[in-house]
Participant: 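Dropping the structure in here first, questions after.
For the single chain, residues carry numbers from 1 onward in sequence order. Quick caveat, the model's predicted, so the values are computed rather than measured.
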Amino acid sequence: MRTISPLKIGSMASTAAAIATTLEKVYCGRVAWLKIVNMPGGLARVVNGLIPAEKKNKVSFPTNVAAELLERMEPHQLESRYGGAAPDLAPDETYPFHFFRNPRGKAAVLEEHPIESFMSSEREPEDFSM
């Protein structure tokens, strides 16, 4: 773990606020939940103070990362350092993003994918021919 100088916390907090504002404008209403991991405790309090009150129920700083992430994800989707079965990746190995099989995971409520239920309906397909 790296030590952060107290003199840099203000700069980091303003950067985090700018990123949060940009994300809010671009992705407004698209985040169901957000788990922020590996953030030093003091900085977590600063960041938590920047989160709007109506969004705080969607954001958390888990203390038991493995337990909380495994509630929402399949083990093969998580690196072993986070309690999963996937190998740990170096920072330069994480881009481009790797898409996993079975992305719906444990949080899926439907028994079938929505497109499958749409395609199996009794409706006639639309004719888009000219």
Side-chain angles (χ1 to χ4, degrees):
M1 178 110 109
R2 208 174 85 201
T3 304
I4 299 172
S5 167
L7 300 174
K8 293 191 176 200
I9 291 178
S11 172
M12 292 174 75
S14 64
T15 301
I19 291 170
T21 301
T22 302
L23 291 174
E24 177 66 24
K25 288 180 180 177
V26 175
Y27 297 107
C28 179
R30 295 185 188 182
V31 175
W33 54 269
L34 177 68
K35 307 283 185 194
I36 301 175
V37 298
N38 298 332
M39 184 174 287
L43 189 55
R45 285 189 288 280
V46 171
V47 171
N48 194 33
L50 297 171
I51 299 170
E54 66 273 6
K55 305 290 185 210
K56 286 193 188 257
N57 63 335
K58 294 182 176 188
V59 180
S60 68
F61 302 87
T63 53
N64 186 347
V65 176
E68 289 197 36
L69 291 179
L70 285 171
E71 288 177 6
R72 301 216 177 234
M73 298 177 176
E74 295 295 326
H76 73 278
Q77 297 174 327
L78 288 173
E79 294 179 19
S80 61
R81 71 178 120 200
Y82 301 119
D88 291 335
L89 299 175
D92 62 338
E93 297 175 308
T94 59
Y95 183 82
F97 181 75
H98 174 76
F99 291 93
F100 297 94
R101 294 177 350 119
N102 187 20
R104 295 177 24 186
K106 295 178 181 178
V109 178
L110 300 174
E111 291 299 318
E112 61 182 14
H113 193 278
I115 193 69
E116 292 168 358
S117 63
F118 175 77
M119 297 303 283
S120 66
S121 67
E122 309 252 337
R123 297 178 356 174
E124 288 292 320
E126 291 185 51
D127 182 10
F128 291 108
S129 61
M130 301 294 261

Participant: Please report the shortest heavy-atom distance between L89 and E79, naming the atom on each side.
Facilitator: N-OE1, 3.3 Å
Participant: Measure the spacing between CG of D88 and OG1 of T94 and express it to the nearest 0.5 Å.
Facilitator: 12.0 Å
Participant: Kindly check if the number of other-residue, nucleotide or ligand heavy atoms within 6.0 Å of CZ (R45) is above 12?
Facilitator: no
Participant: Determine the minimum heavy-atom distance between L70 and P75, stating which atoms define it.
Facilitator: CD2-CA, 3.9 Å
Participant: Might you point out which heavy atoms bring A66 and G83 nearest each other, and give the distance in Å?
Facilitator: CB-CA, 3.7 Å
Participant: For V65 and K35, what are the C-alpha separation, side-chain angles and deciding distance, and is it a side chain to side chain contact (heavy atoms under 4.5 Å, CB included)?
Facilitator: CA-CA 9 Å; V65 176; K35 307 283 185 194; over 6 Å; no
Participant: Give a yes or no on whether W33 and L78 share a hydrophobic cluster (residues Ile, Leu, Val, Met, Phe, Trp, Tyr; joining criterion: side-chain heavy atoms under 4.5 Å apart).
Facilitator: yes
Participant: Closest heavy-atom contact between S60 and E68?
Facilitator: OG-OE1, 3.8 Å
Participant: Within this structure, what is the NZ-CG distance for the pair K56 and N48, rounded to the nearest 0.5 Å?
Facilitator: 4.0 Å
Participant: Rounded at 0.5 Å granularity, tell me how far NZ in K55 sits from CG in L50.
Facilitator: 15.0 Å
Participant: Between L43 and F61, does a side chain to side chain contact (heavy atoms under 4.5 Å, CB included) hold up when you go through it step by step?
Facilitator: CA-CA 11 Å; L43 189 55; F61 302 87; over 6 Å; no
Participant: Answer whether the closest heavy-atom distance between the side chains of K58 and L34 falls below 4.5 Å.
Facilitator: no
